[in-house]
Amino acid sequence: MRSPSMRRLGLPTVLALALALFGLAPSASAAEPGPAELTFSSDAATTTPGGTVNLSMTLTNNKTYDLWFVYQTLSPTWLTTQRPDLKYAVTGCSLATANGSTPCSGTGPNDLGTNYGTPIPPGQSRTVTLTMQVAPDSGCNGNIGFYSYFYAEFSDKTNVSGGPVYTPETRVLCS
């Protein structure tokens with residue numbers, strides 16, 4: 001016969017084992033950053049029709065090898081696509097460098113990776129800022145948000161995929 005303490009440990013132990021077997025158990029390394037990390041920030045949480053918002057994307061190389069190549073997509077979230085009255089466009093792109101900002105090589109929603117100015121040395125970051133223009137006749141009281149996937153290759157011939165990474169949402173307000 002099992003003791004009462006064995007019965008109390010039974011269910012939690014079985015659950016922990018099941019989570020570990022299916023790869024869902026938390027690990028000690030979960031707090032450590034991956035080989036490449038993509039983060040977003042925005043200079044405004046709200047805007048009005050006709051306004052602009054700067055969306056900054058920072059890619060950090062957490063490896064001990066150069067990051068040689070990046071491919072990144074940027075797509076509107078599902079909720080953003082459900083509001084056809086929200087009208088916006090990416091109208092500018094700049095890369096922050098030690099000598100100031102320089103124009104990006106492209107502003108489209110695909111292949112944003114070329115804008116980071118690779119290679120990125122170990123431990124360094126690159127920040128690209130996209131300017132989003134909300135149309136003067138845009139609808140109101142909706143959120144504009146994006147998500148991104150990226151793929152990065154390093155000089156040690158390894159690669160990593162990441163995402164989805166979500167941007168802060170911008171609320172379009174009318175006065």
Side-chain angles (χ1 to χ4, degrees), residues 23-24 26-27 29-47 51-97 101-135 138-139 141-173:
L24 301 174
S27 66
S29 65
E32 294 177 19
E37 182 179 17
L38 179 65
T39 57
F40 287 97
S41 63
S42 175
D43 70 347
T46 62
T47 191
T52 60
V53 175
N54 290 311
L55 180 64
S56 295
M57 310 176 296
T58 301
L59 183 66
T60 304
N61 178 1
N62 294 321
K63 282 193 88 165
T64 56
Y65 294 92
D66 285 349
L67 194 158
W68 271 358
F69 172 80
V70 180
Y71 179 81
Q72 179 186 348
T73 62
L74 188 69
S75 302
T77 60
W78 182 82
L79 286 175
T80 299
T81 65
Q82 299 308 297
R83 291 286 308 265
D85 62 325
L86 294 175
K87 299 176 187 174
Y88 58 90
V90 175
T91 59
C93 181
S94 63
L95 169 65
T97 68
S101 292
T102 61
C104 295
S105 59
T107 60
N110 294 317
D111 200 15
L112 291 166
T114 57
N115 297 326
Y116 286 102
T118 53
I120 301 173
Q124 291 191 18
S125 299
R126 297 281 192 275
T127 299
V128 170
T129 301
L130 299 175
T131 301
M132 182 180 63
Q133 177 73 46
V134 178
S138 177
N141 299 318
N143 293 337
I144 299 172
F146 301 92
Y147 67 95
S148 184
Y149 286 94
F150 70 95
Y151 169 82
E153 292 181 356
F154 299 88
S155 61
D156 67 344
K157 299 184 179 152
T158 61
N159 60 63
V160 64
S161 296
V165 181
Y166 291 90
T167 68
E169 291 185 334
T170 299
R171 182 98 175 152
V172 179
L173 301 174

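In this text, all values refer to a predicted model and were calculated from it rather than measured experimentally. Just the heavy atoms: all of them, side chains too, but no hydrogens, waters or symmetry mates, feed the values below.
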Check: Considering only heavy atoms from C-beta outward, does the side chain of Leu59 approach that of Leu67 to under 4.5 Å?
Finding: yes
Checklist line | Donor-acceptor contact below 3.5 Å, side chain Asn54 vs main chain Asp43 | finding: no
Note to self: Any side-chain to backbone donor/acceptor pair from Ser56 onto Thr129? Under 3.5 Å, distance only.
What the structure shows: no
Checklist line | Non-hydrogen atoms of Ala36 and Phe150 that approach each other most closely | finding: O-CZ, 3.6 Å
Notebook entry, point to check: Can you check whether Leu95 reaches Asn115 side chain to side chain, under 4.5 Å on heavy atoms?
Noted result: no
Notebook entry, point to check: Does Thr39 reach the side chain of Glu37, with side-chain heavy atoms less than 4.5 Å apart?
Noted result: yes
Item checked: Minimum-distance pair of heavy atoms, taken over all atoms of Lys63 and Pro122 -> O-CB, 3.1 Å
Notebook entry, point to check: Hey, does Leu173 have a side-chain heavy atom less than 4.5 Å from the side chain of Asn141?
Noted result: yes
Check: When you measure from the side chain of Thr167 to the backbone N and O of Phe40, does any donor-acceptor pair fall under 3.5 Å?
Finding: no
Checklist line | Parallel, tilted or perpendicular, as decided by the 30° and 60° cut-offs, for the rings of Tyr166 and Tyr147 | finding: tilted
Next item on the list: Answer whether the closest heavy-atom distance between the side chains of Leu130 and Phe146 falls below 4.5 Å.
Entry: no
Check: Is Asn61 reaching over with its side chain to a backbone N or O of Ile120, donor-acceptor style, under 3.5 angstrom?
Finding: yes
Checklist line | Exercise: identify the closest heavy-atom pair between Ser148 and Thr73 | finding: OG-O, 2.5 Å
Note to self: Looking only at side-chain N and O atoms, does Thr60 offer a donor or acceptor that is under 3.5 Å from a partner on Asn62?
What the structure shows: no
Notebook entry, point to check: Side chains of Val53 and Ile144: does their closest heavy-atom pair fall under 4.5 Å?
Noted result: no
Check: Pro164 versus Tyr149: any side-chain heavy-atom pair under 4.5 Å?
Finding: yes
Item checked: Met57 to Leu38 - nearest heavy-atom pair and separation -> CB-CD1, 4.3 Å
Next item on the list: Taking the side chain as every heavy atom from C-beta outward, state whether Glu153 and Asn159 have any pair of such atoms under 4.5 Å apart.
Entry: yes
Next item on the list: Give a yes or no on whether Tyr151 atom OH has more than 12 heavy-atom contacts from other residues, nucleotides or ligands under 6.0 Å away.
Entry: yes
Note to self: Looking at every non-hydrogen atom in both residues, tell me the closest pair between Thr131 and Thr52 and how far apart they are.
What the structure shows: CG2-CB, 4.3 Å
Next item on the list: Report the distance from atom OG1 of Thr77 to atom CZ of Arg83, rounding to the nearest 0.5 Å.
Entry: 11.5 Å
Note to self: Using modelled atom types and a 3.5 Å cut-off, is there a donor and acceptor pairing between side-chain atoms of Ser138 and backbone atoms of Ala135?
What the structure shows: no
Notebook entry, point to check: So, for Thr80 and Asn143, which heavy atoms are closest and what is the spacing to 0.1 Å?
Noted result: OG1-O, 3.3 Å
